[in-house]
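Beneath this line is the structure, given in structure tokens, with notes to follow.
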Amino acid sequence: MIKVNDEFTKQFIKEEDLSKKIVEIHKMIHNKTGKGNDFLGWLSQPNISIQELERLKAASRKIRKESTVLVVIGIGGSYLGAKAGIELLTDPYKKDFEVIFAGYHMSDKMTSSLLSYLEDKDFSINVISKSGTTTEPAIAFRLFMNLLVKKYGKKADERIYITTDPKDGALRGIAISKNYPRFTIPKDIGGRFSVLTAVGLLPMAVAGIDIDEILNGAKKAYKDLLNEHNSAYDYAALRYKLYKAGKDIEILVSYDPRFEYLKKWWIQLFGESEGKDGKGLYVSNATFSTDLHSLGQMIQDGKRNLFETVIKVKEEEKDTIIPYSENNLDGLNYLEGKALSEINNKAFLGTLIAHNEGNVPNIIIEIEKVDAYNFGYLVYFFFKAVAMSAYLLDVNPFNQPGVEEYKRNMFALLGKKGYEDLANELKKKLK
Ligand code: PA5
């Protein structure tokens, strides 16, 4: 279960009754009558058939048997969710299997380093692209495929797994012609809503995460958030009211660096779903207490146009206990016997009050604990919240027309066929 605490937000918002609007939007979501309604496949859970799940588990066992590294190639919604789950749910220092992400950037050096690192490793590839035409992963596929062929010759094909659209796209064509194992991203699920499909589940299964538990958490969230009064809508309503009150920057905060990619995934989910038609909250993130030593000053004392949403974990581990020191030279004996998580919690409470008194509203999202079940729950909670939130702003939550702009320019500058006129225009501008 997730609790949304508005105790540190209330004083900053004008009480506006949104309940009628929320009921209307709720009906619009569930009756699939709103903008972008053909992308609501994620709404009911699970999004994967038992057969596909079994195939996926068998593939993950095969990958783990034949390789020590899985290279996951994808960008945006085709990598952030899996990376979020793996960073949050696996031990950062003890890995019994390496999952490495590629194709989410075009850094020459990072790519060549990875290619050289893989030269003496047994590795497999999972290429993920809904459209099957995105440039960054397409280039990475060619490069890593090249290395696979060099290493394994004809047997290279046995190490390639494709996750793509069930009906369209170049990647699907490649998978069919080469007979690669193929997993599908349902037509009605967009990239940033796809982590609970093979997109997220295959890499997470290979990393050793209990994906059944992720799906159980998502199913529970689906049931808990099914009616018109639910915590995901409470969160959406709060951020909408804060936006109306001039707080148009939201910082998602965690007190644990393991949430780093969960927050990056959330940034894509909310930023890409809401930032259109001149509207939307600018979404950002911070890890405390780390970033209190960099962003803390700005949050406490800078321009008063931001608010924080804190992910608070109710049942924290208590593994690291502060030891007694004979000479107490560091003066820390007053902390002796305390768990590091208890100290972290005091940092949270102290920061909450300080920032709140500095006129920074704080929404607190409390999750039970860090495990696969709660990850699945939280992911679905944010899906439901962003649909409500974007519809409150009256924008289509499920498209991303703005993302196409840079791609057209890049293709033109690269000399891709069909972009000649644009290339001439751009060249004049760049002079
Ligand atoms: O949410 C989305 O649909 C996008 O951000 C995509 O995830 C991203 O652009 C990658 O696209 P694709 O999976 O088609 O390669």
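Counting convention: from 1, in listed order, for ligands and their atoms alike.
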> Between Tyr235 and Arg239, is there a cation-pi geometry (under 6.0 Å to ring centre, at most 45° from the normal)?
Replying inline: yes
>> Once side chain to side chain contact (heavy atoms under 4.5 Å, CB included) is applied, do any residues pair with Ala84, and if so which ones, sequence neighbours excluded?
In response: Tyr261, Leu262, Trp265, Phe375
Write none if no such pair exists; otherwise list each N/O atom of ligand 1 with its protein N/O partner under 3.5 Å and the distance.
residue: ligand 1; atom: 1 (O); partner: Arg192; partner atom: N; Å: 3.0
residue: ligand 1; atom: 1 (O); partner: Arg192; partner atom: NH1; Å: 3.1
residue: ligand 1; atom: 1 (O); partner: Gln268; partner atom: NE2; Å: 3.3
residue: ligand 1; atom: 1 (O); partner: Glu272; partner atom: OE1; Å: 3.0
residue: ligand 1; atom: 3 (O); partner: Gly191; partner atom: N; Å: 3.3
residue: ligand 1; atom: 5 (O); partner: Gln268; partner atom: NE2; Å: 2.6
residue: ligand 1; atom: 5 (O); partner: Glu272; partner atom: OE1; Å: 2.7
residue: ligand 1; atom: 5 (O); partner: Glu272; partner atom: OE2; Å: 3.4
residue: ligand 1; atom: 7 (O); partner: Gly77; partner atom: N; Å: 2.8
residue: ligand 1; atom: 13 (O); partner: Ser78; partner atom: OG; Å: 2.6
residue: ligand 1; atom: 13 (O); partner: Lys130; partner atom: N; Å: 2.8
residue: ligand 1; atom: 14 (O); partner: Lys130; partner atom: N; Å: 3.4
residue: ligand 1; atom: 14 (O); partner: Ser131; partner atom: N; Å: 2.8
residue: ligand 1; atom: 14 (O); partner: Ser131; partner atom: OG; Å: 2.7
residue: ligand 1; atom: 14 (O); partner: Thr134; partner atom: OG1; Å: 3.4
residue: ligand 1; atom: 15 (O); partner: Ser129; partner atom: OG; Å: 2.6
residue: ligand 1; atom: 15 (O); partner: Thr134; partner atom: OG1; Å: 2.5

> Taking only residues two or more places apart in sequence, or in another chain, which ones meet Tyr419 in a ring pair (Phe, Tyr, Trp, His ring centres under 6.0 Å)?
Replying inline: Phe411
>> Nearest 0.5 angstrom please: Ile73 CD1 to Thr163 OG1, how far?
In response: 11.0 Å
> Does Lys220 come within less than 4.0 Å of Glu368, counting only side-chain N to carboxylate O?
Replying inline: no
>> Test of understanding: with salt bridge (Lys or Arg N to Asp or Glu O under 4.0 Å), list the residues that count as partners of Glu316, not counting sequence neighbours.
In response: none
